[in-house]
Amino acid sequence: YAKEHKPEWHPFYVIAIHTGLRVGELLAMKWEHIDWDRPTYTVAENLTRDREFEEPKTAESEAPVPLSAAAIDALIQQRAILEARRQWHEPDLRTDLVSANSRGKPNDYASVMYKVFKPLLKAAVVRDINFHGLRHTCASLLIASGASMKDVQGHLRHSRIEITMNTYAHLYPDSQAATADRLDALLAG
């Protein structure tokens with residue numbers, strides 16, 4: 001829906017869902033922290049609600065985040081969008097930020113949430129969620145793809161596996177039955 005109705009925001013949401021970054025981490029994204037060869041993004045800063053750049057939440061938050069092919073494509077698309085904006089009507093747009101507002105400053109949480117995200121959800125007739133729900137979507141999709149709890153922990157950069165397990169263990173409903181079946185197969189073999 002965003003791709004069709006808010007194409008300038010589509011890359012932002014693709015990146016959010018594919019990386020599981022927190023909103024402050026997304027708003028603070030800078031091109032210099034992308035390793036195009038690996039491909040990863042290292043969270044070096046977080047943008048507060050007061051639009052101040054600060055260090056990440058925890059040391060684990062600074063771990064490189066893998067970038068999927070779709071995330072890389074979205075970043076390339078985002079760079080093209082920003083370059084077009086710079087050339088045509090916003091020459092003072094910051095060149096270091098992956099996402100910037102029309103004044104060339106970092107986008108702020110309230111604008112992203114209440115001027116873009118919430119109206120998109122409503123227009124697309126999607127259940128109202130907060131932006132952090134996209135982080136949960138990332139985790140849910142990872143789990144649905146067969147990722148282990150440890151993989152999800154690493155992708156989301158949780159400081160402890162307990163955080164990941166307490167939040168997402170319910171998404172592994174068949175794991176106990178599958179474990180019992182594997183044990184049965186081993187012992188019967």
Side-chain angles (χ1 to χ4, degrees), residues 2 8-83 93-101 103-114 116-117 129-145 147-168 171:
E8 70 277 16
W9 281 95
H10 181 255
F12 185 79
Y13 295 114
V14 170
I15 296 163
I17 291 170
H18 282 259
T19 62
L21 291 173
R22 297 170 182 94
V23 67
E25 295 167 343
L26 282 162
L27 295 173
M29 271 185 98
K30 292 185 179 171
W31 296 108
E32 67 189 82
H33 302 298
I34 298 170
D35 183 337
W36 298 95
D37 295 326
R38 284 183 62 194
T40 57
Y41 175 73
T42 301
V43 176
E45 295 175 289
N46 181 56
L47 190 70
T48 67
R49 290 188 189 217
D50 295 327
R51 290 172 124 180
E52 299 290 329
F53 288 94
E54 66 179 15
E55 289 185 11
K57 188 174 162 180
T58 64
E60 290 78 8
S61 292
E62 294 184 51
V65 178
L67 296 172
S68 66
I72 290 290
D73 288 345
L75 285 163
I76 291 168
Q77 183 182 13
Q78 180 65 12
R79 183 172 266 171
I81 289 168
L82 291 174
E83 189 52 40
L93 196 64
R94 285 179 66 160
T95 58
D96 61 334
L97 293 173
V98 172
S99 177
N101 67 21
R103 294 179 311 281
K105 307 259 186 253
N107 282 303
D108 67 279
Y109 176 82
S111 292
V112 169
M113 278 301 292
Y114 301 109
V116 182
F117 186 63
I129 60 170
N130 64 30
F131 197 90
H132 200 73
L134 297 181
R135 184 168 164 84
H136 293 301
T137 298
C138 175
S140 299
L141 292 171
L142 287 169
I143 291 165
S145 75
S148 71
M149 192 65 76
K150 191 69 177 163
D151 291 336
V152 175
Q153 176 198 6
H155 194 89
L156 297 180
R157 297 158 297 110
H158 285 150
S159 59
R160 296 183 334 274
I161 190 77
E162 293 84 6
I163 295 168
T164 313
M165 292 183 73
N166 288 340
T167 308
Y168 301 109
L171 296 177

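Scanning both residues, Ile17 and Cys138, for their nearest heavy atoms gives O-CB, 3.0 Å. Across every non-hydrogen atom of Ala44 and Pro56, the tightest pair is O-CD, 3.4 Å.
At least one side-chain heavy atom of Pro106 sits under 4.5 Å from a side-chain heavy atom of Leu47. With contacts defined as side-chain heavy-atom distances shorter than 4.5 Å, the pair Tyr41/Val43 qualifies. Looking at heavy atoms from C-beta onward, Leu75 lies in side-chain contact with Val98 at the 4.5 angstrom threshold. Counting heavy atoms from C-beta outward, Lys30 and Leu97 have side chains that approach closer than 4.5 Å. A 4.5 Å side-chain heavy-atom check between Trp31 and Leu82 finds at least one atom pair inside the cut-off. Side-chain contact between His18 and Val14: present, with at least one pair of heavy atoms (C-beta onward) separated by less than 4.5 Å. Using a 4.5 Å cut-off on side-chain heavy atoms (C-beta onward), Arg51 and Lys105 make contact. Counting only heavy atoms from C-beta outward, the side chains of Val116 and Phe131 never approach each other to under 4.5 Å.
Checked by atom type and distance alone, the side chain of Thr19 pairs as donor or acceptor with a backbone atom of Ile15 at under 3.5 Å. A donor-acceptor distance shorter than 3.5 angstrom exists from the side chain of Asp108 to the backbone of Ala110, with no hydrogens or angles considered. A donor-acceptor pair under 3.5 Å links the side-chain atoms of Glu25 to the main chain of Arg22, judged by distance alone. Side-chain atoms of Asn166 come within 3.5 Å of backbone atoms of Glu162 as a donor-acceptor pair (strictly under, hydrogens ignored). Checked by atom type and distance alone, the side chain of Glu60 never pairs as donor or acceptor with a backbone atom of Arg157 at under 3.5 Å. Distance alone, capped at 3.5 Å, places no donor-acceptor pair between the His10 side chain and the Ala74 backbone.
Glu54 and Asn46 are linked by a side-chain donor-acceptor pair at a separation below 3.5 angstrom, with hydrogens and angles left out of the test. Between the side chains of Thr164 and His158, a donor-acceptor pair is found at a separation under 3.5 Å. The closest side-chain donor-acceptor pair between Asp35 and Thr40, if any, does not fall under 3.5 angstrom.
Distance check, rounded to the nearest 0.5 Å: CD of Gln78 to CD of Glu8 gives 9.5 Å. Distance NE2/His33 to CD/Glu45: 5.0 Å, rounded to 0.5 Å. Note that OG of Ser140 and CG of Leu134 are 11.0 Å apart. Values are rounded to the nearest 0.5 Å. Here the CG-CG distance, from Leu26 to Leu21, works out to 4.5 Å after rounding to the nearest 0.5 Å. With rounding to the nearest 0.5 angstrom, the CD1 atom of Ile161 is 7.5 Å from the OG atom of Ser148. Atoms OG1 and CG, from Thr167 and Leu156 in turn, are 9.0 Å apart once rounded to the nearest 0.5 Å.
With sequence neighbours excluded, the residues that form a ring pair (Phe, Tyr, Trp, His ring centres under 6.0 Å) with Tyr168 are His136.
With a 6.0 Å radius and a threshold of 12 heavy atoms from other residues, nucleotides or ligands, Met149 has its CE atom above the threshold.
Taking the six-membered ring wherever Trp is involved, the centroid distance between the rings of Tyr13 and Phe117 falls below 6.0 Å.
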Pair Val65, Thr42 - check side-chain contact (heavy atoms from CB on, under 4.5 Å), show working.
CA-CA 6 Å; Val65 178; Thr42 301; over 6 Å; no

Report the C-alpha distance between Ser99 and Met29 in whole Å, list the side-chain angles of each, state the deciding distance to 0.1 Å, and finish with yes or no for side-chain contact (heavy atoms from CB on, under 4.5 Å).
CA-CA 7 Å; Ser99 177; Met29 271 185 98; over 6 Å; no

